[in-house]
Amino acid sequence: MEQQQSYPQAGVRVLVVDDDPTVAEIVSGYLDRAGYIVDRAGDGPDALALAAAHWPDLVVLDLMLPGMDGLEVCRRMRGQGPVPVIMLTARGDEDDRILGLEVGADDYVTKPFSPRELVLRVESVLRRTRPAEPSKTLRAAGLSVDPAARRAVKGGSELALTIREFDLLAFFLRHPGRVYSREDLMREVWGWDFGDLSTVTVHVRRLRGKVEDDPARPRLIQTVWGVGYRFDTTGSAHQEA
């Protein structure tokens with residue numbers, strides 16, 4: 001199914017971090033033509049310096065940077081404030097993709113990639129960070145999620161969730177008791193009709209680590225073997241991940 005590209009809001013800034021000048025130039029060119037303000041960095045220290053000077057709305061970050069790698073750059077930037085991150089990884093390096101998602105990357109694209117696809121991924125991630133239309137706060141099982149403020153609370157304490165983790169939790173709270181496959185969640189939460197399903201698996205595991213009392217024995221986000229996942233508002237049963 002062909003995806004239609006929409007134009008970004010004025011002033012949206014994207015930081016492109018890649019030590020390959022050809023890749024950085026191509027990616028920056030496509031993003032610039034799509035209407036984004038683009039900053040470029042060739043390594044981790046330069047990226048952190050640029051981000052400090054002009055905080056980006058999104059970062060396109062190569063995993064394999066010289067010296068300070070993309071994982072460390074992602075950790076340090078997230079330590080300064082929330083920012084969506086799309087990680088660039090080598091084709092077939094599944095361990096690297098999983099690591100990127102584990103440290104909180106919101107998406108990843110494998111090299112070689114289509115620059116047009118990357119622009120669509122950028123738009124998809126940014127679309128989920130924009131202020132939502134006013135909607136009621138979702139509450140269940142000791143959790144409170146405010147979609148408009150993008151704020152999630154458990155037991156009075158605010159949860160530190162990435163963009164996708166927040167969207168996943170809000171989706172579960174909107175649809176309690178129903179089983180969703182990983183394909184369903186990828187389509188409904190990520191907005192993708194295809195992709196690596198390990199993305200969903202990793203995000204479910206990370207989300208469990210933040211909302212479950214015992215992530216090893218989840219009571220809220222339950223695995224339905226051979227089917228997918230179900231959010232149980234009663235938390236009366238558990239299944240191992």
Side-chain angles (χ1 to χ4, degrees), residues 9 55 57-59 74 77-86 100-107 121-192 195 197-224 227-241:
Q9 295 175 339
W55 190 254
D57 296 290
L58 181 141
V59 181
C74 184
M77 292 193 68
R78 284 283 169 76
Q80 297 299 313
V83 61
V85 175
I86 296 178
L101 294 170
E102 289 284 8
V103 299
D106 299 282
D107 198 355
R121 294 289 185 94
V122 167
E123 172 61 23
S124 173
V125 172
L126 284 170
R127 187 166 53 244
R128 295 179 180 277
T129 68
R130 294 169 186 161
E133 294 296 324
S135 59
K136 66 178 182 179
T137 299
L138 306 167
R139 292 186 175 89
L143 297 167
S144 175
V145 173
D146 184 343
R150 295 194 71 83
R151 184 170 183 263
V153 174
K154 177 188 177 185
S157 299
E158 187 164 357
L159 298 172
L161 302 178
T162 66
I163 293 167
R164 298 295 190 186
E165 290 166 0
F166 183 93
D167 292 339
L168 185 59
L169 179 58
F171 182 82
F172 277 136
L173 262 67
R174 288 191 180 100
H175 306 282
R178 178 174 172 181
V179 179
Y180 287 92
S181 68
R182 292 188 299 171
E183 291 87 350
D184 292 334
L185 293 172
M186 179 161 283
R187 181 173 56 253
E188 297 293 337
V189 177
W190 275 257
W192 307 344
L197 296 179
S198 65
T199 300
V200 177
T201 306
V202 170
H203 278 79
V204 167
R205 184 166 67 245
R206 285 179 54 86
L207 185 57
R208 281 172 168 165
K210 298 178 180 181
V211 304
E212 299 281 0
D213 293 330
D214 182 0
R217 297 170 63 85
R219 291 179 172 272
L220 300 176
I221 305 174
Q222 299 182 5
T223 297
V224 180
V227 183
Y229 302 102
R230 176 180 60 233
F231 188 79
D232 183 357
T233 57
T234 67
S236 60
H238 73 265
Q239 298 209 21
E240 295 181 358

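All values below were derived from every heavy atom in this structure, side-chain atoms included, with hydrogens, water molecules and symmetry-related copies excluded. Nothing fancy with the numbering, it's 1 onward along the sequence. Just so we're clear, the structure is a prediction, and the values are computed from it rather than from any experiment.
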CG-CZ distance between L159 and F166, expressed to the nearest 0.5 angstrom: 10.0 Å
Closest contact, heavy atoms only, L126 versus D57: CD2-O, 3.6 Å
Nearest-0.5 Å distance, CG of residue L173 to CG of residue L168: 10.5 Å
Contact summary for D232 and Q222, nearest pair of heavy atoms: OD2-NE2, 3.0 Å
Euclidean distance, R208 CZ relative to L169 CG, rounded to 0.5 Å: 13.0 Å
Nearest atoms (heavy-atom pairs only) where K154 meets V211: NZ-O, 3.0 Å
Distance (rounded to the nearest 0.5 Å) between L207 CG and Y229 OH: 11.0 Å
Test side chain to side chain contact (heavy atoms under 4.5 Å, CB included) applied to D184 - qualifying residues, sequence neighbours left out: Y180, S181, R187
Rounded distance (nearest 0.5 Å) linking atom NE2 of H175 with atom CG of L138: 9.5 Å
Minimum-distance pair of heavy atoms, taken over all atoms of S124 and R164: OG-NH2, 3.8 Å
Nearest-0.5 Å distance that lies between atom OG1 in T162 and atom CG in D167: 8.5 Å
Any side-chain heavy-atom pair of I163 and R150 under 4.5 Å: yes
Heavy-atom side-chain proximity of D213 to R219 below 4.5 angstrom: no
Sub-4.5 Å side-chain heavy-atom contact between M77 and V59: yes
Test item: R78 and V85 side chains (from C-beta on) under 4.5 Å apart, heavy atoms: yes
Least distance between heavy atoms, I221 atom then E212 atom: N-OE2, 2.8 Å
Where A160 and K210 come nearest, the two heavy atoms and their spacing: O-NZ, 2.7 Å
By salt bridge (Lys or Arg N to Asp or Glu O under 4.0 Å) - contacts of R151 (at least two apart): E158
Sequence-distant partners of E188, side chain to side chain contact (heavy atoms under 4.5 Å, CB included), two or more places apart: F171
Verdict with reasoning, L185 to F172, per side-chain contact (heavy atoms from CB on, under 4.5 Å): CA-CA 10 Å; L185 293 172; F172 277 136; 4.1 Å; yes
